[in-house]
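Working notes, structure below.
Worth knowing before you read on, the calculation uses all heavy atoms, side chains too, and leaves out hydrogens, waters and symmetry mates. Order of listing sets the numbers, starting from 1, for every ligand and every atom in it. Quick caveat: nothing in here was measured; it's all calculated off a predicted structure.
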Amino acid sequence: MALWFDETYGGQIRFGLKLKRSIFHGKSEYQSVDVVETEVFGRALALEDAWMTSERDEAHYHEMIVHPALTVARRIERVLVIGGGDGGTVREVLRHAEVKHVTMVELDKMVVDACREHLPAFKVPWDDKRLTMRFEDGIAYLNNYKGELYDVILIDGSDPVGPAEGLYSSPFYESAKKCLTKDGVLVSQTESPIAMADDFARIVKTLRTSFKRAEPFFVPIPLYPSGMWSFTFASDALDPQAFDEARAKRIEDGARYYNRDIHRAAFAQPSFVRKLLG
Ligand code: SPD
């Protein structure tokens, strides 16, 4: 009998992939963790039966959560990643030679352990000296943070339900802002403007109450409900289109999805999105 793995979103959308086999199944204190081998998307990670990332399209997500921020921010020495346990986001951050310290704060160690072992194709430089990993709640981490300010904060959380819900709230953005330099940049994943239109609009509007500008940008992620996904670039000082040409060119040369044309085009808002955001 054929083996399938489905994500059902909100009881109304289902996206399933035919599997070759299940590679890892675990239950942490927070969620179920699965690594599966699919026919079409390669190996993939699912948390609580929701697709998180796959070998086939992970570059779309990880290059785009990272490079628009890291090619626009003036300084990129200190970067904080909240979530992102599969390591794709820190891998892309570490491609920038100017980055001196990356801290990744991931709640669930089982996610990192499963991905380190079973997703080798992600080629995450887990042992890079610039990377510090902490297994704790990102909200508490930022609330208690007393260290040097970060130049860039990236929120690579799962959907805004369950353990990740607080990562999309006003108090969280306020405490993130206190840990960011004045001309720093925060980028968060902000859901689908089609499959989760209400969440998308609410999160972007919430970011706009904390930052002078918060501009969503769009990326096709075929693994996710509806396939159209968003991130939002938030900053008090910077224009998301004003990227450093030389830095962007360097990254583009080794990228699978990101390039300067994509950077410019990703911020164009379809008319239905303009309406959603009022
Ligand atoms: N619906 C899925 C939202 C997942 C966002 N995070 C994915 C983690 C990839 N590093």
Nearest neighbour in protein (non-hydrogen) for atom 7 (C) of ligand 1: Tyr224 OH, 3.2 Å
Polar atom proximity, His62 to ligand 1 (N or O, under 3.5 Å): yes
Shortest protein contact, atom 8 (C) of ligand 1 (heavy atom only): Asp156 OD1, 3.2 Å
Aromatic ring proximity, centroids under 6.0 angstrom, Tyr224 and Phe15: no
Atom indices of ligand 1 within 4.0 angstrom of Asp86 heavy atoms, with elements: 8 (C), 9 (C), 10 (N)
Interatomic spacing from CD1 in Ile203 to CD1 in Ile155 - rounded to 0.5 Å: 11.5 Å
Which segment of Trp229 sits under 4.0 Å of ligand 1 when only heavy atoms are counted: side chain
Parallel, tilted or perpendicular: rings of Phe233 and Phe267 (30°, 60°): perpendicular
Sub-4.5 Å side-chain heavy-atom contact between Asp183 and Arg75: yes
Glu58 and ligand 1 - part of the residue with a heavy-atom distance under 4.0 Å: neither
Trp51 and ligand 1 - part of the residue with a heavy-atom distance under 4.0 Å: backbone
Polar atom proximity, Asp159 to ligand 1 (N or O, under 3.5 Å): yes
Value rounded to 0.5 Å, distance of OH in Tyr61 from CG in Asp86: 8.0 Å
Whether Phe200 and Phe218 hold their rings parallel, tilted or perpendicular, with breakpoints at 30° and 60°: tilted
Side chains of Val66 and Arg91 in contact at under 4.5 Å (non-hydrogen atoms): no
Within-shell test, Gly85 vs ligand 1, heavy atom, strictly < 4.0 Å: no
Atoms of ligand 1, numbered as shown, that sit under 4.0 Å from any heavy atom of Gly157: 4 (C), 5 (C), 6 (N)
Tyr61, any N or O under 3.5 Å of ligand 1 N or O: yes
Geometric cation-pi criterion Lys178 and Tyr145, 6.0 Å radius, 45° cone: no
